[in-house]
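In the text below, chain A, chain B and the rest are named by the order of the sequence lines, each starting its count at 1. As a basis for the values below, the full set of heavy atoms in this structure was taken, side chains included, without hydrogen atoms, waters or symmetry mates.
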Number of protein chains: 2
Amino acid sequence: MQSILELRHLKTLAAIRDTGSLTRAAERLHLTQSALSHQLRQLEEHYAMPLFARKSAPLKLTPAGERLVALADGVLPQIAGTERDIAKLREGEAGSLRIAVECHTCFDWLMPAMDTFRGRWPEVELDIVSGFHADPVGLLFDDRADLAIVSDIDAEARIHFAPLFAYDMVALLANDHPLAGKAWLSAEDFRDETLITYPVPDEMLDLVRQVLKPAGVNPKRRTTELTVAMLQLVASRRGIAALPRWSVQHYLDRGYVVAKPVTENGLTARLYAAMPQERAGAAYLRDFVDIVREVSAAELPGIQLAL
Amino acid sequence: MQSILELRHLKTLAAIRDTGSLTRAAERLHLTQSALSHQLRQLEEHYAMPLFARKSAPLKLTPAGERLVALADGVLPQIAGTERDIAKLREGEAGSLRIAVECHTCFDWLMPAMDTFRGRWPEVELDIVSGFHADPVGLLFDDRADLAIVSDIDAEARIHFAPLFAYDMVALLANDHPLAGKAWLSAEDFRDETLITYPVPDEMLDLVRQVLKPAGVNPKRRTTELTVAMLQLVASRRGIAALPRWSVQHYLDRGYVVAKPVTENGLTARLYAAMPQERAGAAYLRDFVDIVREVSAAELPGIQLAL
DNA sequence: TGAAAATAATGAGTTTGAATCATAGATGCT
DNA sequence: AGCATCTATGATTCAAACTCATTATTTTCA
């Protein structure tokens, strides 16, 4: 009558607690909903107790379930810590992580991710390659950066692209803007407007690169460094901006401006971490990618981890 | 490239550290040596590092192995604690554990086992049924005890016998005793000696019940309550005693008296915990049995857990 | 040092059981 | 009510954990 409990079960329980449903937990663990249901049934049979109050959404834990989740919260970080320590033994404590960033909004999630990383890998030299570069991947080849945050994959043989997350870009308009009545905006809608952007090359603006340029639309421009300034200009009817929905959700909730999808199907931006192929196996680089995904999923509303 | 580590591996590593060999660890885990060897190889491949320094006995851990064992030491008790808590949720905190003991030497391991038990199950009423009873199992039927420590299994249908451990009984003689030259003692050797025992009925003395009585040998007796007093009498050439080897190892190491096996193959005593069948499933009773086995294996030299 | 004994590693074969697939049953939402 | 979403169940598949049989290695002891 020995224990059947394995770490697998603890990971499942923690995921269910985090996501509130078997289906979403299964997705996160790259398993099927059925697999988790079977796991749960096995545990409940073994302990001869229910672990979740069924017939309720979100799934609610029983005291026994709570106890197991508390165990998971205690144990899983210890496991992760040990595996990091072993990677350090294998690869050495040190290393460098110079991050090249091309997008302004990236700093919103990059800072907390770097904080977490610094705590876990204190010996790794952590830095941001300053300035906005038209070709951040080039910095990898020149050994001026170890990792670049990019928004598309160019088929570079020597570069490994690790998916981070995806999110919707939305166009922002003044509440009383004539286009505010439309369900979504087309490229043509931008032709006679002023486009408010960050001061970066066109190739780095998803809206321009993926929508306006292909349609031959090239509106007037106005630039600013700050997201709040862009919102201020939009609200003052000085033009239209396009930003990640998560970066402006706060202002949308307060009715400060309105958001419209770009094109009928919306405009989805995808972010990747680009690394030199031969170093992509390094534990601290892979852990950085994991941290970014964790932190972003927790802090940015409405992003998708699967892309 | 996610973790393959499971609790199974941690249990294996801890067992190897405790026993110092794959073979003994496998025995303890009720697996084959081959299974553990495969497990280890899998782990070492996954971490791309050796976990043990081969070509040495006892097996010596590498730093990575040490780290994993440290993890096991941190995690496994948490698992056990959680499973106890769940059992308490299922069966209630309370209960009673009145222990009937028939052997004097049992107190040597019973006290520390009870201490550990009290820490883990503070709500269970813990008691020793005092006095030495000729039929401790009878106390179970009368509901005057919940568990009895006995040295043999009578085929009682309503009683469950959980094996505790086995050990060798040895005869103790003064260093210059005439029989001290023999390799082992037969029943006949006792005929003209004085047998020094605890003051209990003959049925409770393994030597008498299993060796002397069958051979029709009934030597003179002298009794005392205390083990040290028995050793004192033996050393003073007042007679021969028979005690568990583990209980007198300390004195043997110091050459205070000499020990001889009884009969050519020795006299092996076996201890069992007897419980009413219908209550044998209770988590705290099963945990008590586990605690006794753990504590005894750790404190009593030369006992066997498998019997 | 060399032979015998003990222990670990290896590879093939078997079995277990964890996951998936397909589907039925619940539950919640408008 | 009825549709959409989520969970449970049973059959099936498949990976991998274990055992068995054997070889290789290490330790012990004459």
Side-chain angles (χ1 to χ4, degrees), chain A residues 1-62 64-65 68-69 72 302 304 306, chain B residues 1-62 64-65 68-69 72 302 304 306:
Chain A
M1 201 72 70
Q2 59 181 7
S3 173
I4 58 151
L5 190 69
E6 284 292 351
L7 291 181
R8 165 167 39 91
H9 298 116
L10 297 184
K11 288 173 187 162
T12 294
L13 288 167
I16 292 174
R17 188 266 322 270
D18 290 346
T19 62
S21 98
L22 289 200
T23 309
R24 278 188 299 277
E27 217 168 283
R28 200 169 103 165
L29 298 170
H30 307 295
L31 290 172
T32 61
Q33 170 270 321
S34 177
L36 300 205
S37 183
H38 282 295
Q39 273 190 22
L40 279 188
R41 196 164 58 82
Q42 189 203 21
L43 281 183
E44 295 187 322
E45 265 168 31
H46 178 250
Y47 292 119
M49 296 192 86
L51 301 178
F52 287 94
R54 308 307 160 86
K55 315 178 187 228
S56 92
L59 252 43
K60 197 168 170 314
L61 291 158
T62 63
L68 279 173
V69 167
Q304 298 168 259
Chain B
M1 201 75 67
Q2 56 182 8
S3 174
I4 58 152
L5 189 70
E6 284 292 352
L7 291 181
R8 166 167 39 92
H9 298 116
L10 296 184
K11 287 173 187 162
T12 295
L13 288 167
I16 293 174
R17 189 265 322 269
D18 290 347
T19 62
S21 98
L22 291 200
T23 309
R24 277 188 299 277
E27 217 167 283
R28 199 169 101 165
L29 298 170
H30 308 294
L31 291 172
T32 61
Q33 169 269 320
S34 177
L36 300 203
S37 182
H38 284 295
Q39 272 190 23
L40 278 189
R41 197 164 58 82
Q42 189 204 21
L43 280 183
E44 295 187 322
E45 266 168 29
H46 177 250
Y47 292 119
M49 296 191 85
L51 300 178
F52 288 94
R54 308 307 160 87
K55 314 177 187 230
S56 91
L59 253 42
K60 196 172 170 310
L61 291 158
T62 63
L68 280 173
V69 167
Q304 299 167 260

Exercise. Report yes if some heavy atom in the side chain of B:Phe52 is under 4.5 Å from a heavy atom in the side chain of B:Thr62; otherwise report no.
Key: no
Quiz item: With nearest nucleotides of DNA chain C determined for A:Arg8 and B:Arg41 from heavy-atom distances, which residue corresponds to the more 5′ nucleotide?
Solution: B:Arg41
Quiz item: Closest approach of B:Leu10 and B:Leu68, non-hydrogen atoms and distance?
Solution: CD2-O, 4.0 Å
Exercise. State, to 0.1 Å, how close B:Leu5 and B:Ser3 come at their nearest heavy-atom pair, and which atoms those are.
Key: N-OG, 3.1 Å
Quiz prompt | Bounds of contact between DNA chain C and chain A, in 5' to 3' order, using a heavy-atom cut-off under 4.0 Å | solution = C:dA18 to C:dG28
Exercise. Could you check if a side-chain atom of B:Val69 sits within less than 4.5 angstrom of a side-chain atom of B:Leu51, using non-hydrogen atoms only?
Key: no
Self-check item: salt bridge (charged side-chain N to carboxylate O under 4.0 Å, His left out) involving A:Glu44 - partner list, sequence neighbours excluded
Solution: A:Arg54
Practice problem: For DNA chain D, find the residues of residues 17-37 of chain B with a heavy-atom distance under 4.0 Å and give them by number; none if there aren't any. | Solution: B:Leu31, B:Thr32, B:Ser34, B:Ala35
Practice problem: Could you tell me the separation between the CD1 atom of B:Ile4 and the P atom of D:dA15, rounded to a whole number of Å? | Solution: 17 Å
Quiz item: What is the distance from CG of B:Leu40 to P of D:dA17, rounded to the nearest Å?
Solution: 13 Å
Quiz item: In whole angstrom, what separates A:His38's NE2 from D:dA8's C1'?
Solution: 8 Å
Self-check item: Taking every non-hydrogen atom, the tightest pair across A:Ala64 and A:Pro50
Solution: CB-O, 4.2 Å
Quiz item: With B:Arg41, which residues qualify under salt bridge (charged side-chain N to carboxylate O under 4.0 Å, His left out), at least two apart?
Solution: B:Glu45
Quiz item: Excluding sequence neighbours, so at least two apart, what forms side chain to side chain donor-acceptor pair (under 3.5 Å) with B:Gln42?
Solution: B:His9
Exercise. Using the side chain to side chain donor-acceptor pair (under 3.5 Å) rule, collect all pairs that involve residues 11-25 of chain B, keeping only residues at least two apart or in two chains.
Key: B:Thr12-B:Gln39, B:Arg17-B:Asp73, B:Asp18-B:Arg28
Practice problem: For B:Leu59 and for A:Gln42, locate the closest nucleotide of DNA chain C by heavy-atom distance; then report the residue assigned to the nucleotide nearer the 5' terminus. | Solution: B:Leu59
Quiz item: Once you build an axis from the first five pairs and another from the last five of the helix from C:dT1-D:dA30 to C:dT30-D:dA1, how far apart in angle are they, to 10 degrees?
Solution: 40°
Practice problem: Quickly work out the B:Glu45 CD to D:dA16 C1' distance and round it to whole Å. | Solution: 13 Å
Self-check item: Partner set under side chain to side chain donor-acceptor pair (under 3.5 Å) for B:Glu6, not counting sequence neighbours
Solution: none
Self-check item: Min side-chain heavy-atom separation B:Tyr47-B:Ile4 under 4.5 Å
Solution: no
